[in-house]
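Structure first, commentary second.
Numbering of residues begins at 1 and proceeds along the displayed sequence. Any value given below was found using the heavy atoms of this structure, including those in side chains, with hydrogens, waters and symmetry copies removed. Start at 1 and go down the list; that is how both ligands and their atoms are numbered. As the structure is a computational prediction, the values presented were derived from the model and not from experiment.
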Amino acid sequence: MSNYWNNRVKNLSPYIPGEQPREKQFIKLNTNENPYPPSPKVLEAIQQVLSAGPSAGDRLRLYPDPECRELREAVAARYGVKYGQVFAGNGSDEVLAFAFGAFFNSDSHTAIPPSGRRILFPDITYSFYPVYAGLWDVPFRTVPVREDFSIDYKEYLVPAGGVIFPNPNAPTGRALPPDEILRIAAYQEKQKKVLIVDEAYAAFGAAIYGALSVVSAIDEHPNLLTVHTLSKSASLAGLRVGFAIGNEGLIEGLCRIRDGFNSYTVDRLAQAGAAAAIRDTAYYDGITQKVIATRELAASVLRKMDFTVIPSGANFLFIRSPKKSGPELFAALRERGILVRHFNKPRIADFLRVSIGTDKDMDTFLAACIEIEDRE
Ligand code: PMP
């Protein structure tokens, strides 16, 4: 706390990211990173930037392309959309923050805004959403998910300031079928409101409803913005690249916010590496299938141990022990060098979110669970 803080900073409750331990010996299953390395083509592309020019690193003298052309072209080709329907940013967190600023109205002048002006998101969801709402003064209402953590799309067919949720949802991993999402899009379109679908984990959900992504519907729904990240399925959390796909008007809105803030949010190495990743679908399809297979195996072992395991379309499992509380199991795993994520929040305090690691990591995790559960 400092006397120099303005009211915005004083009132902000910042997001708390998962722990990034300095010690190497932890098995890290706490921030949904991919356990496999990125495509070798990503490293080649970054190396090419570094070695281009008369001397090593010469390209770093120059600002990167503010339009992120190569990257956006790669995304457009991969998803079958137009170049003008793609926005790129410094991680999808930045893209989401810009989207809150661009499409959801602030209501700081009214003490209790009428319900129709509040944006909606689930009560159990990505905990950055209320932070962005706080940052931009956007009033919101959380909509309870059902007992089984599924989202009831009908709850979002009401007047609101806009809607946002991840599909699959985080930290539950539960997915909503695309046709239900499009009903929300159609309803909110009539109200002239934006629906943001955060597809951070959609690549891992393909086996559930065919393809989970609603990108192919952006031409029918000019109010639908899909947000994507290279941090999970592309194994590039360290590079910080995310993107959005939506109607050209929405993309222009995001560019306006970005250019009211910082024109060069995606650096030269990140643009080159991300474009190479987007193009290498064969490599990434392979590692995504491995993560899905490991997830299903781990889920079946945990169910045999009487754990509650929420059906997951993501690269993590949301689980509850039959015997231990959330904090107890979290602490016992940590003692054994395994980091998972616990959210000390109503309804989910006894659950843990476990990112899918390699088969070997998951064997160690499962063996630790068996040992902990057997102990009194
Ligand atoms: N959306 C969801 C639902 C997430 O879980 C995350 C990861 N914390 C993000 C967005 C942000 O990902 P990144 O900024 O690494 O692209």
Side-chain angles (χ1 to χ4, degrees), residues 14-20 28-35 38 42 68 71 75 86-101 121-133 135 142 145 149 151 163-176 181 195-205 212-214 225-245 254 258 262 265-267 270-271 273-274 277-278 284 291 295 310 312-318 339-343 345 348 351-356:
Y15 176 74
I16 303 164
E19 185 179 348
Q20 295 290 348
K28 229 182 140 290
L29 306 178
N30 68 331
T31 47
N32 298 342
E33 289 137 335
N34 200 306
V42 171
C68 302
L71 170 56
V75 171
V86 182
F87 177 84
N90 191 292
S92 62
D93 279 338
E94 183 183 76
V95 178
L96 291 165
F98 287 176
F100 268 69
F121 49 81
D123 62 340
I124 297 169
T125 195
Y126 186 30
S127 38
F128 228 137
Y129 300 156
V131 179
Y132 296 134
L135 184 67
T142 57
V145 293
F149 296 137
I151 289 177
V163 174
I164 180 167
F165 53 79
N167 197 46
N169 196 5
T172 64
R174 280 211 96 115
L176 202 61
I181 295 179
L195 166 63
I196 301 175
V197 184
D198 178 350
E199 297 194 343
Y201 302 103
F204 302 102
L212 265 192
S213 176
V214 289
L225 188 78
T226 63
V227 178
H228 310 257
T229 178
L230 279 88
S231 300
K232 318 294 180 182
S233 54
S235 302
L236 289 171
L239 206 62
R240 309 304 302 131
V241 181
F243 56 93
I245 303 178
L254 291 172
R258 179 197 60 203
N262 170 8
T265 62
V266 190
D267 71 63
Q271 289 191 29
I278 297 286
Y284 284 110
V291 170
R295 177 189 75 204
I310 305 302
S312 172
N315 66 339
F316 54 82
L317 289 171
F318 202 48
L339 269 189
V340 298
R341 192 89 195 256
H342 175 250
F343 298 91
K345 289 187 181 166
I348 57 169
F351 279 81
L352 295 178
R353 190 195 67 191
V354 182
S355 310
I356 302 303

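Protein heavy atom at the shortest distance from atom 11 (C) of ligand 1 is Asp93 OD1, 3.1 Å. Protein heavy atom closest to atom 14 (O) of ligand 1, with residue, atom name and distance, is Arg240 NH2, 2.8 Å. Nearest to atom 7 (C) of ligand 1 among the protein's heavy atoms is Lys232 NZ, 3.0 Å. Atom 12 (O) of ligand 1 has Ser92 OG, 3.1 Å as its closest protein atom, hydrogens excluded (heavy atom only). Protein heavy atom at the shortest distance from atom 8 (N) of ligand 1 is Tyr126 OH, 3.2 Å.
Ring-plane geometry between Phe98 and Phe87 is classed as perpendicular, the angle between the planes exceeding 60 degrees on a 0 to 90 degree scale with a lower cut at 30. Using the six-membered ring where Trp is involved, Phe316 and Tyr201 have ring planes that are perpendicular, over 60° apart on the 30 and 60° scheme. Using bins of under 30°, 30° to 60° and over 60° for the plane-to-plane angle, the ring pair Tyr126/Tyr15 lands in the perpendicular bin.
Within the 4.0 Å heavy-atom shell around ligand 1 one does not find Glu94. Residue contacts with ligand 1 include Tyr201, since one of its heavy atoms falls under 4.0 Å from the ligand.
The shortest N or O to N or O distance between Tyr15 and ligand 1 is not below 3.5 Å. Any N or O atom pair closer than 3.5 Å counts here, and Asp198 shares at least one such pair with ligand 1. Residue Ser231 has at least one N or O atom closer than 3.5 Å to an N or O atom of ligand 1.
Atoms of ligand 1 found under 4.0 Å from any heavy atom of Gly91 (numbered from 1 in listed order, with element): 14 (O), 16 (O). For ligand 1 and Thr229, the ligand atoms under 4.0 Å from any heavy atom of the residue are 12 (O), 13 (P), 15 (O), 16 (O). Ligand-side atoms of ligand 1 in range of Ala200: 1 (N), 2 (C), range being under 4.0 angstrom from any heavy atom.
Separation of atoms CG (Leu230) and CG (Asn34) is listed at 11.0 Å; rounding is to 0.5 Å. Summarising the geometry, atom CG belonging to Asp93 is positioned 5.0 Å from atom CZ belonging to Phe128; distances are rounded to the nearest 0.5 Å.
In this structure a side-chain-to-backbone donor-acceptor pair under 3.5 Å is present from Glu199 to Val214. Panel note: side chain Arg174, backbone Pro168; no donor-acceptor pair is recorded below 3.5 Å.
Contact of the Leu195 side chain with the Ile181 side chain is registered, since non-hydrogen atoms from C-beta on lie closer than 4.5 Å. Inter-residue side-chain proximity for Leu254 and Leu225 is flagged as met; some heavy-atom pair is nearer than 4.5 Å.
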